[in-house]
Amino acid sequence: MNDTFLVTGGAGFIGSAVVRHLIQETKATVVTVDTLTYAGHRENLAPVAENPRHHFEREDITDAPVMHRLFEEYAPDGVLHLAAESHVDRSIDGPAAFVQTNVVGTQVLLEAARTYWEDLSGDAKDDFRFLHVSTDEVYGELGETGKFTEETPYDPSSPYSASKAGADHLVRAWHRTYDLPVLITNCSNNYGPYQHPEKLIPVVILNALDREPLPVYGTGENVRDWLYVEDHVRALLRVLREGEIGETYNVGGDCEKQNIAVVRQICDILDEKRPGGESHHDLITFVEDRPGHDWRYAIDASKIKSELGWAPLVDFKEGLRRTVDWYVEHRDWVQAVARDADEGDTGEAD
């Protein structure tokens, strides 16, 4: 893979995993575009920051002139669009930012990509791809049975999921109206190294390490389908290379867990790794449920498995142990992220 890829949101959790993989495991050139909000951090790109095939652009995807410039300057062979406001609680407190980034930003990026693509010719035009990375939350919630398929009607519950649903529709419209060669993926809950400390698994790990309360919404019985981030990266690159233009692929880990079960499993790991004193289970604290908290998500990933030959390789037990170990060994990363949140990242674009 010698192509050049533009990765939006490339300093975030999933985006940086994509960037690190492309730089470390392929010969691709990567242009990381990230405005470095609360969820994007330079520390996530530290392992590849000095690689000459990696270029970092601190820019906002809602800035149309800049997006057009980046396409002209770097001439990418493909786009992996992961830039998004993604924290549900933050979307409830401040939905406007989610509409601006997730909807307006996607429209701006689509137009920049379309303008660039229409000027291409030959193999360069035929091979160009725009991969939009979305979420299973656009489908709403499930009851006790069933799974989300690519044909499940959209029924978003939060400002976050509604903004992602809007972005998905825009991507499909740019394909149907302008023939832009797009692909869409909708993934289940990701976990793994470098995930923002506000998310469930990092919150529990870090609070447990500090012997702080482990907050669990409601009764903790809400169910999520968990996907190790490196498995997700493999799925995205498989779709980018082999997916059928205009198609949607659901990506899931085949790993449904109640939130409380995940918390308890983390406590078991830490009781084993850091024995002494009271059990970490004693730190579990149930808190008031958040508004519009979806009951259950579960992905039917049979399409990507049967058509593209992808399947998750890391089971939850192994993935969770890797994740706990990473946070235990990278407290400096956690401190740097907290410092960014307190002070704001002031680094200049490379």
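Side-chain contact of T32 with D34: a donor-acceptor pair under 3.5 Å is absent, judged by distance alone. No side-chain donor-acceptor contact under 3.5 Å links T149 and D300. Side-chain contact of D268 with H281: a donor-acceptor pair under 3.5 Å is present, judged by distance alone. W333 and N44 form a side-chain donor-acceptor contact under 3.5 Å, judged by distance and modelled atom types alone. Defined by atom type and a distance below 3.5 Å, a donor-acceptor pair is present between the side-chain atoms of W174 and E111.
Residues Y228 and P193 form a side-chain contact, since some pair of their non-hydrogen atoms from C-beta on lies under 4.5 Å apart. With a 4.5 Å cut-off on side-chain heavy atoms, I245 and R129 count as touching. For the pair T185/S134, no side-chain contact is recorded, criterion being any heavy-atom separation below 4.5 Å from C-beta on. With a 4.5 Å cut-off on side-chain heavy atoms, I14 and H232 count as touching.
Scanning all heavy atoms of the two residues, the minimum distance from T219 to F286 falls at O-CE2, 3.4 Å.
One finds a salt bridge joining R296 and E256 here, because a Lys/Arg side-chain nitrogen approaches an Asp/Glu carboxylate oxygen to under 4.0 Å.
A tilted orientation is assigned to the rings of F148 and Y297, their planes being inclined by 30° to 60°. Between H293 and Y217, the two ring planes are perpendicular [angle over 60°; tilted spans 30° to 60°]. Aromatic ring orientation, W226 versus F316: tilted (interplanar angle from 30° to 60°).
Cation-pi contact between R224 and Y191: absent, since separation from the ring centre below 6.0 Å together with deviation from the ring axis within 45° is not met.
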Between R234 and D231, is a salt bridge (Lys or Arg N to Asp or Glu O under 4.0 Å) present by the stated rule, with each step listed?
CA-CA 5 Å; R234 291 191 306 102; D231 279 332; 3.0 Å; yes
Please determine whether salt bridge (Lys or Arg N to Asp or Glu O under 4.0 Å) holds for the pair D254 and K305, giving the CA-CA distance in whole Å, both sets of side-chain angles, and the decisive distance to 0.1 Å.
CA-CA 12 Å; D254 288 331; K305 290 178 180 179; 2.2 Å; yes
Would Y194 and W326 count as a ring-ring contact (aromatic ring centres under 6.0 Å, His included) if you check the C-alpha gap in whole Å, the side-chain angles of each, and the deciding distance to 0.1 Å?
CA-CA 8 Å; Y194 294 96; W326 189 88; 4.6 Å; yes
Before giving the answer on side-chain hydrogen bond (donor to acceptor under 3.5 Å, both in side chains), spell out for E244 and Y249 the whole-Å C-alpha distance, their side-chain angles and the decisive distance to 0.1 Å.
CA-CA 10 Å; E244 184 176 345; Y249 297 89; 5.1 Å; no
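Considering L80, D77, L70 in turn, L70 is the only one that fulfils the side-chain contact (heavy atoms from CB on, under 4.5 Å) rule with L6. Here the options are L36, V30, V31, V48, the test is side-chain contact (heavy atoms from CB on, under 4.5 Å), and the partner is F56; only L36 passes. For the side-chain hydrogen bond (donor to acceptor under 3.5 Å, both in side chains) with Y74, the lone residue among E57, H55, R69 that qualifies is E57.
L131 contributes atom CG, which lies 10.0 Å from atom NE2 of H81 (distance to the nearest 0.5 angstrom). Here the CZ-CG distance, from R331 to L209, works out to 5.0 Å after rounding to the nearest 0.5 Å. Going from atom CD of E150 over to atom CD1 of I299 covers 7.5 Å, rounded to the nearest 0.5 Å. One distance of note links CZ of R321 with CG of D315; it measures 11.0 Å at 0.5 Å rounding. The line from CD of Q100 to CD1 of I61 is 9.5 Å long, rounded to the nearest 0.5 Å.
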